[in-house]
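This report concerns only the one structure given below.
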Protein chains: 2
Amino acid sequence: MSESPDKFDVLKLGNQLCFPLYACAKEIVRIYREPLGKIGLTYTQYIVMMVLWEFGTMTEKELGAKLYLDSGTLTPVLKKLEKSGFVKRQRAEKDERSLNISLTDNGIKLKEKALQVPQALDGCIHLSYDEMLTLRALLNKALKETK
Amino acid sequence: MSESPDKFDVLKLGNQLCFPLYACAKEIVRIYREPLGKIGLTYTQYIVMMVLWEFGTMTEKELGAKLYLDSGTLTPVLKKLEKSGFVKRQRAEKDERSLNISLTDNGIKLKEKALQVPQALDGCIHLSYDEMLTLRALLNKALKETK
DNA sequence: CGGAATTAGATTGCGTACAATTTATTTGTA
DNA sequence: TACAAATAAATTGTACGCAATCTAATTCCG
């Protein structure tokens with residue numbers, strides 16, 4: 001019935017954990033693209049804004065720690081958000097190495113419009129609520145331990 | 001005890017499914033980088049090779065369907081794999097639009113060396129076997145239904 | 001049969017990701 | 001207090017990932 005197992009089974013796509021993780025993330029981020037486009041954000045810009053909406057002003061470093069992104073990625077993303085008028089970037093007074101990232105009035109206003117994004121995504125991922133909770137818990141566990 | 005719920009809770013990072021998915025995928029792919037570097041592959045090249053090792057020659061289109069990648073991504077990746085000497089790219093005789101991707105001798109030989117990759121990853125993701133199976137099943141379900 | 005529609009890859013342009021390096025600032029310590 | 005070590009961003013270079021577009025080959029139909 002079943003195929004004969006051999007040492008190369010570990011190289012089969014169906015036996016991977018990383019591949020469905022990679023593909024699923026990619027597909028879901030792709031779905032975000034359209035609703036995000038309507039409010040003028042990319043996915044990366046969106047998660048930056050979510051952190052600022054929830055926690056307020058913080059440094060680029062702190063932002064990076066929350067988002068698992070380094071300055072190589074964040075610096076250009078933040079410059080674009082600044083150019084779009086959603087955030088301010090200013091050197092911290094206490095430590096001139098740090099860059100404080102804060103919301104502009106338009107950045108704060110955008111939060112209301114952003115409510116349509118999770119709404120647009122609603123129902124796109126065909127998992128039950130319990131399955132979604134289980135999936136999220138396992139991902140968060142893997143993320144925390146893998147750090 | 002708990003925070004008062006409001007309509008903006010859906011915009012909190014901790015309530016997202018996509019964010020841990022995105023971050024987890026990114027972190028795990030990052031861990032692959034080192035062992036893959038030892039056998040001369042990137043992660044994207046690796047999943048291409050896995051498909052070819054498992055299923056043999058197929059067109060770029062078929063490869064893309066299995067990996068959720070389009071020609072914009074695959075064409076340059078396949079050209080690099082060709083330059084590295086792991087695959088051949090040749091137009092299909094029956095349909096000159098299609099490109100058959102097949103393994104070279106070096107590409108076949110690489111399979112043995114690639115066994116060290118899952119081995120190097122072993123234990124890096126701190127989930128129990130059952131948790132890993134649950135996670136993979138949920139990801140595959142989400143992936144299939146979202147397609 | 002023959003032109004329109006479809007299809008497979010390739011190309012272009014933009015936006016990440018990230019390792020590695022650089023620069024400026026701050027901290028730790030002899 | 002000098003000065004080495006550490007730290008935060010910025011920069012550089014490489015590799016995706018994908019939407020949009022283009023080209024060539026094939027198929028569909030009237």
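In this text the structure is predicted, and so the values were computed from the model without any measurement. Chain letters run A, B, ... following the sequence lines, proteins first, then strands; residues in each count from 1.
Between Lys79(A) and dA10(D) there is no side-chain N or O to OP1 or OP2 distance below 4.0 Å. A close approach under 4.0 Å does not occur between any side-chain nitrogen or oxygen of Thr73(A) and OP1 or OP2 of dA17(C).
Atom CG of Leu78(A) is separated from atom P of dA9(D) by 9 Å (rounded to the nearest Å). Regarding Leu63(B), its CG atom lies at a distance of 13 Å from the P atom of dC16(D), rounded to whole Å. Note: NZ (Lys83(A)) to C1' (dG15(C)) measures 13 Å, nearest angstrom. If you measure from atom CG of Leu74(B) to atom P of dG9(C), you get 9 Å, rounded to the nearest angstrom. Per the geometry, NZ belonging to Lys80(B) stands 14 Å off P belonging to dA10(C), to the nearest Å. Distance, Tyr22(A) OH to dG17(D) C1': 8 Å, rounded to whole Å. Residue Asp70(B) contributes atom CG, which lies 11 Å from atom C1' of dC16(D) at whole-angstrom precision. Taking atom CZ on Phe19(B) and atom C1' on dA17(C), their separation rounds to 14 Å, with Å as the unit.
Using modelled atom types, no side-chain atom of Arg33(B) and backbone atom of Thr42(B) make a donor-acceptor pair closer than 3.5 Å. Although no hydrogens or angles enter the test, the distance criterion places no donor-acceptor pair under 3.5 Å between the side chain of Thr59(B) and the main chain of Asn100(B).
Counting distance only, with no hydrogens placed and no angle test, the side-chain atoms of Ser71(B) and the base atoms of dA10(C) include a donor-acceptor pair under 3.5 Å.
One distance of note links CG of Leu21(B) with CG of Asn140(A); it measures 10.5 Å at 0.5 Å rounding. In this structure, Leu78(B) CG and Leu52(B) CG are separated by 8.0 Å, a value rounded to the nearest 0.5 Å.
Across residues 35-61 of chain B, Thr59(B), Glu60(B), Lys61(B) each have a non-hydrogen atom less than 4.0 Å from an atom of DNA chain C (numbered order). Non-hydrogen atoms lying under 4.0 Å from DNA chain C are contributed by Lys94(A), Asp95(A), Glu96(A), Arg97(A), all within residues 88-103 of chain A.
Each of Arg33(A) and Pro76(A) has a nearest nucleotide on DNA chain D; the 5'-most of these lies closest to Pro76(A).
The aromatic rings of Trp53(A) and Tyr46(A) sit perpendicular, their planes meeting at an angle over 60°, well past the 30° parallel limit. In this pair, Tyr68(A) and Phe19(B) present their aromatic rings tilted. The plane angle is within the 30 to 60° band.
For Glu27(A), the side-chain atoms get nearest to dC18(D) when compared with the rest of dC18(C), dC18(D), dA15(D). Residue Leu69(B) places its side chain closer to dC18(D) than to any other of dA17(C), dT16(C), dC18(D).
Of the N and O atoms on the side chains of Thr75(A) and Glu60(A), at least one donor lies less than 3.5 Å from an acceptor on the other residue.
Within the 4.0 angstrom heavy-atom criterion, no nucleotide atom of any strand lies near Val29(B).
In this structure, Lys111(B) is positioned above the aromatic face of Phe8(A), its NZ or CZ under 6.0 Å from the six-membered ring centre and within 45° of the axis.
Counting non-hydrogen atoms of other residues, nucleotides and ligands closer than 6.0 Å to CD of Gln116(A) gives a total above 12.
Taking a cutoff of 4.0 Å between a charged side-chain nitrogen and a carboxylate oxygen, Arg30(B) and Glu27(B) qualify as a salt bridge.
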